[in-house]
2 protein chains.
Amino acid sequence: MIDDIDLEILNIIQNNGKIANAELARRLGMAPSGVLERVKKLEKDGVIVGYEVRLDPKAVGLALTIFMHLKTADAVGCTAIGREVAKIDGIQEVHWIAGEYNYLIKARVNSTDGLTALMKSIGAIPGVQDSRTTLVLGTLKEEQRLDTAFAETKQNQKKLKKDT
Amino acid sequence: MIDDIDLEILNIIQNNGKIANAELARRLGMAPSGVLERVKKLEKDGVIVGYEVRLDPKAVGLALTIFMHLKTADAVGCTAIGREVAKIDGIQEVHWIAGEYNYLIKARVNSTDGLTALMKSIGAIPGVQDSRTTLVLGTLKEEQRLDTAFAETKQNQKKLKKDT
DNA sequence: ACTGAAAGAAGCGTTGC
DNA sequence: GCAACGCTTCTTTCAGT
(Lines give C-alpha, C1' and ligand atoms only; values in the text may rest on other atoms or scores of the structure.)
Protein backbone atom coordinates (compact mmCIF):
# COMPACT_ATOMS: atom_id res chain seq x y z
CA MET A 1 0.00 0.00 0.00
CA ILE A 2 1.16 3.50 -0.84
CA ASP A 3 1.86 5.74 2.15
CA ASP A 4 2.30 9.49 2.41
CA ILE A 5 6.06 9.39 1.79
CA ASP A 6 5.45 7.44 -1.43
CA LEU A 7 2.87 10.01 -2.39
CA GLU A 8 5.34 12.82 -1.85
CA ILE A 9 7.90 10.98 -3.95
CA LEU A 10 5.37 10.53 -6.75
CA ASN A 11 4.41 14.19 -6.62
CA ILE A 12 8.01 15.31 -6.86
CA ILE A 13 9.02 12.99 -9.67
CA GLN A 14 5.89 13.85 -11.62
CA ASN A 15 7.15 17.42 -11.70
CA ASN A 16 10.64 16.40 -12.66
CA GLY A 17 11.13 12.94 -14.07
CA LYS A 18 14.87 13.36 -14.23
CA ILE A 19 15.52 14.44 -10.65
CA ALA A 20 18.61 12.83 -9.08
CA ASN A 21 17.89 10.37 -6.33
CA ALA A 22 20.24 12.29 -4.07
CA GLU A 23 18.28 15.49 -4.65
CA LEU A 24 14.99 13.70 -4.06
CA ALA A 25 16.37 12.39 -0.77
CA ARG A 26 17.45 15.88 0.24
CA ARG A 27 13.95 17.26 -0.31
CA LEU A 28 12.43 14.45 1.71
CA GLY A 29 15.03 14.71 4.46
CA MET A 30 15.98 11.08 4.05
CA ALA A 31 19.06 9.05 3.15
CA PRO A 32 19.42 8.38 -0.60
CA SER A 33 19.44 4.64 -0.03
CA GLY A 34 16.08 4.67 1.71
CA VAL A 35 14.51 6.75 -1.04
CA LEU A 36 15.97 4.50 -3.72
CA GLU A 37 14.45 1.50 -2.00
CA ARG A 38 11.01 3.10 -2.14
CA VAL A 39 11.34 4.17 -5.77
CA LYS A 40 12.45 0.65 -6.77
CA LYS A 41 9.43 -0.76 -4.97
CA LEU A 42 7.08 1.65 -6.73
CA GLU A 43 8.61 0.58 -10.04
CA LYS A 44 8.35 -3.12 -9.17
CA ASP A 45 4.75 -2.76 -8.03
CA GLY A 46 3.84 -1.06 -11.30
CA VAL A 47 2.88 2.26 -9.73
CA ILE A 48 5.67 3.87 -11.74
CA VAL A 49 5.10 2.53 -15.24
CA GLY A 50 7.99 4.27 -16.97
CA TYR A 51 10.08 7.36 -17.56
CA GLU A 52 9.21 9.31 -20.66
CA VAL A 53 10.34 12.33 -22.62
CA ARG A 54 7.87 14.80 -23.98
CA LEU A 55 8.83 16.18 -27.38
CA ASP A 56 7.28 19.10 -29.20
CA PRO A 57 5.30 17.36 -31.96
CA LYS A 58 5.74 20.34 -34.28
CA ALA A 59 9.51 20.23 -33.88
CA VAL A 60 9.58 16.74 -35.35
CA GLY A 61 7.14 17.54 -38.11
CA LEU A 62 3.96 16.20 -36.54
CA ALA A 63 1.96 19.39 -36.53
CA LEU A 64 -1.47 17.79 -36.64
CA THR A 65 -3.19 16.13 -33.69
CA ILE A 66 -6.36 14.25 -34.45
CA PHE A 67 -8.93 12.29 -32.53
CA MET A 68 -10.97 9.66 -34.28
CA HIS A 69 -14.07 7.79 -33.18
CA LEU A 70 -14.35 4.30 -34.64
CA LYS A 71 -17.24 1.93 -35.02
CA THR A 72 -16.22 -1.68 -35.45
CA ALA A 73 -17.71 -5.14 -35.78
CA ASP A 74 -16.30 -6.16 -32.37
CA ALA A 75 -18.76 -8.26 -30.39
CA VAL A 76 -20.02 -6.70 -27.16
CA GLY A 77 -17.20 -6.77 -24.62
CA CYS A 78 -14.60 -7.71 -27.24
CA THR A 79 -11.66 -5.50 -28.24
CA ALA A 80 -9.90 -7.57 -30.89
CA ILE A 81 -10.25 -5.01 -33.67
CA GLY A 82 -9.16 -2.23 -31.33
CA ARG A 83 -5.96 -4.10 -30.59
CA GLU A 84 -5.28 -4.30 -34.32
CA VAL A 85 -5.83 -0.57 -34.66
CA ALA A 86 -3.42 0.02 -31.76
CA LYS A 87 -0.57 -1.50 -33.79
CA ILE A 88 -0.61 1.32 -36.34
CA ASP A 89 2.28 3.80 -36.17
CA GLY A 90 1.35 7.35 -35.31
CA ILE A 91 -1.55 6.30 -33.11
CA GLN A 92 -0.73 7.26 -29.54
CA GLU A 93 -3.87 6.19 -27.77
CA VAL A 94 -6.68 3.70 -28.31
CA HIS A 95 -9.50 3.82 -25.79
CA TRP A 96 -12.39 1.40 -25.74
CA ILE A 97 -15.38 3.57 -24.96
CA ALA A 98 -19.04 3.43 -24.08
CA GLY A 99 -21.42 4.91 -26.60
CA GLU A 100 -22.38 4.81 -30.23
CA TYR A 101 -18.78 4.42 -31.35
CA ASN A 102 -16.61 1.79 -29.64
CA TYR A 103 -13.17 3.35 -29.85
CA LEU A 104 -11.64 6.76 -29.44
CA ILE A 105 -8.12 7.12 -30.77
CA LYS A 106 -5.57 9.90 -30.62
CA ALA A 107 -2.96 10.26 -33.34
CA ARG A 108 -0.23 12.60 -34.53
CA VAL A 109 0.36 13.15 -38.20
CA ASN A 110 2.46 15.55 -40.26
CA SER A 111 -0.41 17.02 -42.25
CA THR A 112 -3.47 16.03 -44.20
CA ASP A 113 -1.23 13.66 -46.16
CA GLY A 114 -0.42 11.79 -42.98
CA LEU A 115 -4.09 11.80 -42.04
CA THR A 116 -4.98 10.26 -45.38
CA ALA A 117 -2.39 7.54 -44.87
CA LEU A 118 -3.65 6.93 -41.35
CA MET A 119 -7.24 6.60 -42.51
CA LYS A 120 -6.20 4.15 -45.21
CA SER A 121 -4.34 2.05 -42.63
CA ILE A 122 -7.34 2.02 -40.32
CA GLY A 123 -9.79 1.35 -43.14
CA ALA A 124 -7.71 -1.62 -44.23
CA ILE A 125 -8.43 -3.42 -40.97
CA PRO A 126 -11.35 -5.85 -41.39
CA GLY A 127 -14.32 -4.99 -39.23
CA VAL A 128 -13.80 -1.23 -39.09
CA GLN A 129 -17.17 0.10 -40.15
CA ASP A 130 -17.28 3.82 -39.53
CA SER A 131 -15.08 6.69 -38.37
CA ARG A 132 -15.52 10.28 -37.33
CA THR A 133 -12.41 12.42 -37.33
CA THR A 134 -11.92 15.44 -35.07
CA LEU A 135 -9.20 17.91 -36.00
CA VAL A 136 -7.35 19.62 -33.16
CA LEU A 137 -6.90 23.32 -33.88
CA GLY A 138 -4.78 23.94 -30.81
CA THR A 139 -3.83 22.29 -27.57
CA LEU A 140 -4.33 24.36 -24.43
CA LYS A 141 -3.16 21.77 -21.92
CA GLU A 142 -1.48 18.41 -22.32
CA GLU A 143 0.13 16.71 -19.39
CA GLN A 144 0.70 13.30 -17.95
CA ARG A 145 0.59 14.38 -14.35
CA LEU A 146 -1.98 12.68 -12.15
CA ASP A 147 -3.63 14.47 -9.29
CA THR A 148 -2.80 12.14 -6.41
CA ALA A 149 -5.31 13.76 -4.08
CA PHE A 150 -7.35 10.55 -4.17
CA ALA A 151 -4.50 8.11 -3.80
CA GLU A 152 -5.37 5.17 -1.62
CA THR A 153 -3.17 5.83 1.37
CA LYS A 154 -4.36 4.93 4.84
CA GLN A 155 -4.25 8.61 5.71
CA ASN A 156 -6.38 9.59 2.75
CA GLN A 157 -8.85 6.82 3.46
CA LYS A 158 -9.31 8.26 6.91
CA LYS A 159 -9.65 11.76 5.52
CA LEU A 160 -12.22 10.65 2.97
CA LYS A 161 -14.23 8.86 5.64
CA LYS A 162 -14.20 11.96 7.79
CA ASP A 163 -15.47 14.10 4.92
CA THR A 164 -18.56 11.95 4.41
CA MET B 1 17.68 21.99 -37.81
CA ILE B 2 17.45 18.46 -36.51
CA ASP B 3 19.81 16.00 -38.15
CA ASP B 4 19.87 12.21 -38.17
CA ILE B 5 21.99 11.95 -35.02
CA ASP B 6 19.49 14.12 -33.16
CA LEU B 7 16.73 11.90 -34.44
CA GLU B 8 18.48 8.81 -33.15
CA ILE B 9 18.94 10.50 -29.77
CA LEU B 10 15.23 11.34 -29.65
CA ASN B 11 14.27 7.81 -30.56
CA ILE B 12 16.43 6.34 -27.82
CA ILE B 13 15.35 8.71 -25.07
CA GLN B 14 11.71 8.28 -26.01
CA ASN B 15 12.12 4.63 -25.12
CA ASN B 16 13.95 5.38 -21.90
CA GLY B 17 13.70 8.86 -20.49
CA LYS B 18 16.10 8.08 -17.70
CA ILE B 19 19.00 6.69 -19.72
CA ALA B 20 22.41 7.92 -18.57
CA ASN B 21 24.12 10.29 -20.95
CA ALA B 22 27.17 8.01 -20.93
CA GLU B 23 25.06 5.03 -21.99
CA LEU B 24 23.39 7.10 -24.68
CA ALA B 25 26.83 8.08 -26.00
CA ARG B 26 27.90 4.45 -26.02
CA ARG B 27 24.95 3.44 -28.15
CA LEU B 28 25.65 6.24 -30.59
CA GLY B 29 29.39 5.58 -30.66
CA MET B 30 30.13 9.12 -29.60
CA ALA B 31 31.82 10.93 -26.74
CA PRO B 32 29.45 11.80 -23.85
CA SER B 33 30.27 15.49 -24.08
CA GLY B 34 29.19 15.68 -27.67
CA VAL B 35 25.95 13.90 -26.94
CA LEU B 36 25.26 16.10 -23.92
CA GLU B 37 25.76 19.17 -26.04
CA ARG B 38 23.16 17.93 -28.50
CA VAL B 39 20.67 17.02 -25.79
CA LYS B 40 21.08 20.45 -24.17
CA LYS B 41 20.48 22.08 -27.52
CA LEU B 42 17.35 19.99 -28.10
CA GLU B 43 16.11 21.09 -24.67
CA LYS B 44 16.96 24.74 -25.30
CA ASP B 45 15.31 24.69 -28.72
CA GLY B 46 12.16 23.27 -27.20
CA VAL B 47 12.27 19.99 -29.10
CA ILE B 48 12.54 18.21 -25.75
CA VAL B 49 9.76 19.78 -23.69
CA GLY B 50 10.32 17.85 -20.48
CA TYR B 51 10.98 14.60 -18.69
CA GLU B 52 7.95 12.85 -17.28
CA VAL B 53 7.02 9.84 -15.22
CA ARG B 54 4.10 7.67 -16.21
CA LEU B 55 2.16 6.34 -13.24
CA ASP B 56 -0.53 3.68 -13.25
CA PRO B 57 -3.70 5.74 -12.70
CA LYS B 58 -5.41 2.84 -10.93
CA ALA B 59 -2.54 2.52 -8.48
CA VAL B 60 -3.19 6.04 -7.25
CA GLY B 61 -6.95 5.62 -7.16
CA LEU B 62 -7.82 7.25 -10.48
CA ALA B 63 -9.54 4.32 -12.10
CA LEU B 64 -11.77 6.29 -14.43
CA THR B 65 -10.62 7.98 -17.64
CA ILE B 66 -13.12 10.23 -19.33
CA PHE B 67 -13.26 12.38 -22.41
CA MET B 68 -15.64 15.30 -22.56
CA HIS B 69 -16.74 17.45 -25.47
CA LEU B 70 -17.59 21.00 -24.51
CA LYS B 71 -19.57 23.69 -26.24
CA THR B 72 -18.78 27.20 -25.03
CA ALA B 73 -19.64 30.80 -25.72
CA ASP B 74 -16.11 31.51 -26.99
CA ALA B 75 -16.11 33.78 -30.03
CA VAL B 76 -14.80 32.21 -33.26
CA GLY B 77 -11.03 31.84 -32.94
CA CYS B 78 -11.06 32.60 -29.23
CA THR B 79 -10.05 30.13 -26.51
CA ALA B 80 -10.53 32.13 -23.31
CA ILE B 81 -13.07 29.77 -21.76
CA GLY B 82 -10.94 26.76 -22.71
CA ARG B 83 -8.02 28.23 -20.81
CA GLU B 84 -10.24 28.54 -17.75
CA VAL B 85 -11.27 24.90 -18.09
CA ALA B 86 -7.62 23.92 -18.36
CA LYS B 87 -6.97 25.20 -14.85
CA ILE B 88 -9.15 22.54 -13.24
CA ASP B 89 -7.33 19.73 -11.39
CA GLY B 90 -7.77 16.29 -12.83
CA ILE B 91 -8.00 17.54 -16.37
CA GLN B 92 -4.97 16.35 -18.27
CA GLU B 93 -5.71 17.66 -21.73
CA VAL B 94 -7.73 20.45 -23.28
CA HIS B 95 -7.84 20.53 -27.05
CA TRP B 96 -9.49 23.24 -29.07
CA ILE B 97 -11.22 21.39 -31.88
CA ALA B 98 -13.06 21.89 -35.14
CA GLY B 99 -16.67 20.81 -35.17
CA GLU B 100 -19.94 21.18 -33.37
CA TYR B 101 -18.24 21.22 -29.96
CA ASN B 102 -15.23 23.51 -29.48
CA TYR B 103 -13.21 21.59 -26.91
CA LEU B 104 -12.26 18.02 -26.23
CA ILE B 105 -10.87 17.34 -22.79
CA LYS B 106 -9.33 14.28 -21.17
CA ALA B 107 -9.55 13.77 -17.43
CA ARG B 108 -8.82 11.20 -14.74
CA VAL B 109 -11.14 10.76 -11.80
CA ASN B 110 -11.49 8.23 -9.01
CA SER B 111 -15.04 7.18 -9.78
CA THR B 112 -18.42 8.61 -10.61
CA ASP B 113 -18.06 10.81 -7.52
CA GLY B 114 -15.00 12.44 -9.04
CA LEU B 115 -16.81 12.77 -12.33
CA THR B 116 -19.67 14.56 -10.62
CA ALA B 117 -17.25 16.96 -8.95
CA LEU B 118 -15.47 17.54 -12.26
CA MET B 119 -18.71 18.32 -14.05
CA LYS B 120 -19.68 20.76 -11.34
CA SER B 121 -16.31 22.52 -11.65
CA ILE B 122 -16.70 22.77 -15.40
CA GLY B 123 -20.32 23.84 -15.21
CA ALA B 124 -19.37 26.63 -12.82
CA ILE B 125 -17.28 28.33 -15.51
CA PRO B 126 -19.30 31.07 -17.21
CA GLY B 127 -19.86 30.46 -20.90
CA VAL B 128 -19.83 26.67 -20.80
CA GLN B 129 -23.03 25.75 -22.57
CA ASP B 130 -23.09 22.05 -23.24
CA SER B 131 -21.07 18.90 -22.58
CA ARG B 132 -21.00 15.33 -23.79
CA THR B 133 -19.13 12.85 -21.64
CA THR B 134 -17.49 9.71 -22.98
CA LEU B 135 -16.59 6.99 -20.49
CA VAL B 136 -13.47 4.96 -21.17
CA LEU B 137 -14.10 1.26 -20.55
CA GLY B 138 -10.51 0.26 -21.16
CA THR B 139 -7.32 1.66 -22.62
CA LEU B 140 -5.63 -0.50 -25.24
CA LYS B 141 -2.74 1.83 -25.99
CA GLU B 142 -1.51 4.99 -24.34
CA GLU B 143 1.89 6.37 -25.09
CA GLN B 144 3.68 9.63 -25.48
CA ARG B 145 6.10 8.40 -28.07
CA LEU B 146 6.11 10.26 -31.37
CA ASP B 147 6.86 8.51 -34.61
CA THR B 148 9.77 10.59 -35.88
CA ALA B 149 9.59 9.14 -39.38
CA PHE B 150 8.47 12.52 -40.67
CA ALA B 151 10.93 14.64 -38.75
CA GLU B 152 12.25 17.53 -40.78
CA THR B 153 15.84 16.50 -41.24
CA LYS B 154 17.65 17.34 -44.44
CA GLN B 155 17.99 13.63 -45.09
CA ASN B 156 14.27 13.04 -44.67
CA GLN B 157 13.44 16.01 -46.84
CA LYS B 158 15.52 14.45 -49.58
CA LYS B 159 13.89 11.08 -49.03
CA LEU B 160 10.41 12.58 -49.13
CA LYS B 161 11.21 14.42 -52.34
CA LYS B 162 12.44 11.22 -53.91
CA ASP B 163 9.27 9.40 -52.95
CA THR B 164 7.03 11.85 -54.77
C1' DA C 1 12.12 0.35 6.99
C1' DC C 2 15.66 3.60 7.36
C1' DT C 3 20.71 5.30 8.08
C1' DG C 4 25.53 5.87 6.92
C1' DA C 5 29.69 4.80 4.68
C1' DA C 6 32.24 3.64 0.70
C1' DA C 7 33.43 2.18 -4.14
C1' DG C 8 32.45 2.80 -8.60
C1' DA C 9 30.12 5.40 -12.22
C1' DA C 10 28.30 9.40 -14.24
C1' DG C 11 27.81 14.46 -14.79
C1' DC C 12 29.73 18.48 -16.40
C1' DG C 13 33.03 22.12 -17.10
C1' DT C 14 37.61 23.02 -19.40
C1' DT C 15 40.86 22.42 -22.90
C1' DG C 16 42.42 21.47 -27.36
C1' DC C 17 41.50 20.04 -32.08
C1' DG D 1 31.08 20.68 -33.61
C1' DC D 2 33.61 16.66 -31.35
C1' DA D 3 37.04 14.21 -28.16
C1' DA D 4 39.91 13.79 -23.80
C1' DC D 5 40.84 14.93 -19.11
C1' DG D 6 39.63 15.72 -14.30
C1' DC D 7 37.07 17.22 -10.41
C1' DT D 8 32.61 17.00 -8.39
C1' DT D 9 28.49 14.66 -7.59
C1' DC D 10 25.36 10.83 -7.83
C1' DT D 11 24.23 5.85 -7.68
C1' DT D 12 23.99 1.67 -5.47
C1' DT D 13 25.35 -1.91 -2.36
C1' DC D 14 25.94 -3.56 2.23
C1' DA D 15 26.34 -3.83 7.11
C1' DG D 16 24.05 -2.03 11.04
C1' DT D 17 20.00 -0.54 13.86
Side-chain angles (χ1 to χ4, degrees), chain A residues 1-56 59-61 144 148 151-159, chain B residues 1-56 59-61 144 148 151-159:
Chain A
M1 177 66 25
I2 293 172
D3 68 12
D4 278 3
I5 298 177
D6 289 327
L7 217 59
E8 212 169 332
I9 291 173
L10 294 176
N11 276 329
I12 295 172
I13 64 177
Q14 277 199 108
N15 283 333
N16 180 5
K18 241 195 165 178
I19 189 172
N21 185 61
E23 171 64 20
L24 184 56
R26 233 171 278 132
R27 292 200 201 169
L28 294 165
M30 284 173 64
S33 50
V35 177
L36 187 64
E37 221 172 315
R38 280 176 175 271
V39 172
K40 291 284 176 207
K41 191 176 184 324
L42 289 168
E43 289 171 358
K44 192 180 71 62
D45 292 350
V47 179
I48 296 173
V49 177
Y51 299 89
E52 302 187 345
V53 174
R54 182 177 295 274
L55 305 184
D56 177 7
V60 293
Q144 197 55 51
T148 54
E152 295 169 337
T153 66
K154 287 167 204 162
Q155 290 85 343
N156 264 330
Q157 297 296 357
K158 277 185 215 160
K159 223 182 293 170
Chain B
M1 176 66 29
I2 293 172
D3 67 13
D4 278 1
I5 298 176
D6 290 326
L7 216 58
E8 213 169 331
I9 290 173
L10 295 175
N11 276 329
I12 294 172
I13 64 177
Q14 277 199 109
N15 283 334
N16 180 3
K18 240 193 167 181
I19 189 172
N21 186 61
E23 171 62 20
L24 184 56
R26 232 172 279 131
R27 291 200 201 169
L28 294 165
M30 284 171 63
S33 54
V35 176
L36 186 65
E37 222 172 311
R38 280 173 175 273
V39 172
K40 291 284 175 209
K41 192 178 185 317
L42 289 168
E43 289 171 0
K44 192 180 70 64
D45 292 351
V47 179
I48 295 173
V49 177
Y51 298 88
E52 301 187 346
V53 175
R54 182 178 294 274
L55 304 184
D56 177 8
V60 294
Q144 196 56 50
T148 53
E152 294 170 336
T153 66
K154 287 167 201 158
Q155 290 84 344
N156 264 330
Q157 296 297 357
K158 277 184 212 160
K159 225 183 290 171

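Chain letters run A, B, ... following the sequence lines, proteins first and then strands; every chain starts at 1.
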If you check every side-chain atom of Asn21(A), which of dT3(C), dT11(D), dA1(C) has the closest atom?
-> dT11(D)
Using whole Å, report how far CG of Asp3(B) lies from P of dC2(D).
-> 8 Å
Which sits closer to the 5' end of DNA chain D, Ala20(A) or Ala31(B), going by the nucleotide each is nearest to?
-> Ala31(B)
Glu37(A) and Lys41(A) ion-paired at < 4.0 Å = no
Please determine if a side-chain N or O atom of Arg26(B) lies less than 4.0 Å away from the OP1 or OP2 oxygen of dA10(C).
-> yes
Roughly how many Å is it from NZ in Lys18(A) to P in dC10(D), rounded to a whole number?
-> 15 Å
Atom CG of Leu28(B) and atom P of dG1(D): how far apart are they, to the nearest Å?
-> 16 Å
Separation of atom CG in Leu36(A) from atom P in dT9(D), rounded to whole Å = 20 Å
Measure across Ala151(A) and Leu7(A) and return the closest heavy-atom pair with its distance rounded to 0.1 Å.
-> CB-CD1, 3.2 Å
Choosing from dC12(C), dG11(C), dG1(D), which nucleotide comes nearest the side chain of Arg38(B)?
-> dG1(D)
For Glu37(A), answer base if it contacts any base atom (sugar-phosphate contacts may also be present), sugar-phosphate if it contacts only those atoms, and nothing otherwise; contact means non-hydrogen atoms under 4.0 Å.
-> base
From CG of Leu24(B) across to P of dG11(C) the rounded distance in Å is 9 Å
Apply side chain to side chain contact (heavy atoms under 4.5 Å, CB included) to the pair Gln144(B) and Arg54(A), showing each step before the final yes or no.
-> CA-CA 7 Å; Gln144(B) 196 56 50; Arg54(A) 182 177 295 274; 2.9 Å; yes
Value in whole Å for how far the P atom of dA1(C) lies from NZ of Lys40(A) = 17 Å
Starting at NZ of Lys41(B) and ending at P of dC12(C), how long is that distance when rounded to a whole Å?
-> 19 Å
For the side chain of Ala22(A), counting heavy atoms from C-beta on, which of dA3(D), dT11(D), dA10(C) is nearest?
-> dT11(D)
Check whether any side-chain N or O of Asp45(B) sits under 3.5 Å from a backbone N or O of Val47(B) as a donor-acceptor pair, and report yes or no.
-> no
Give the nucleotide from the list dC2(C), dA1(C), dA3(D) with an atom nearest to the side chain of Ile5(A).
-> dC2(C)
Do Ser33(B) side-chain and dG13(C) base share a donor-acceptor contact under 3.5 Å?
-> no
How many Å lie between CD on Glu23(A) and P on dG11(C), as a whole number?
-> 16 Å
Picking from Val39(A), Ile5(A), Ile48(A), what satisfies side chain to side chain contact (heavy atoms under 4.5 Å, CB included) with Leu10(A)?
-> Ile48(A)
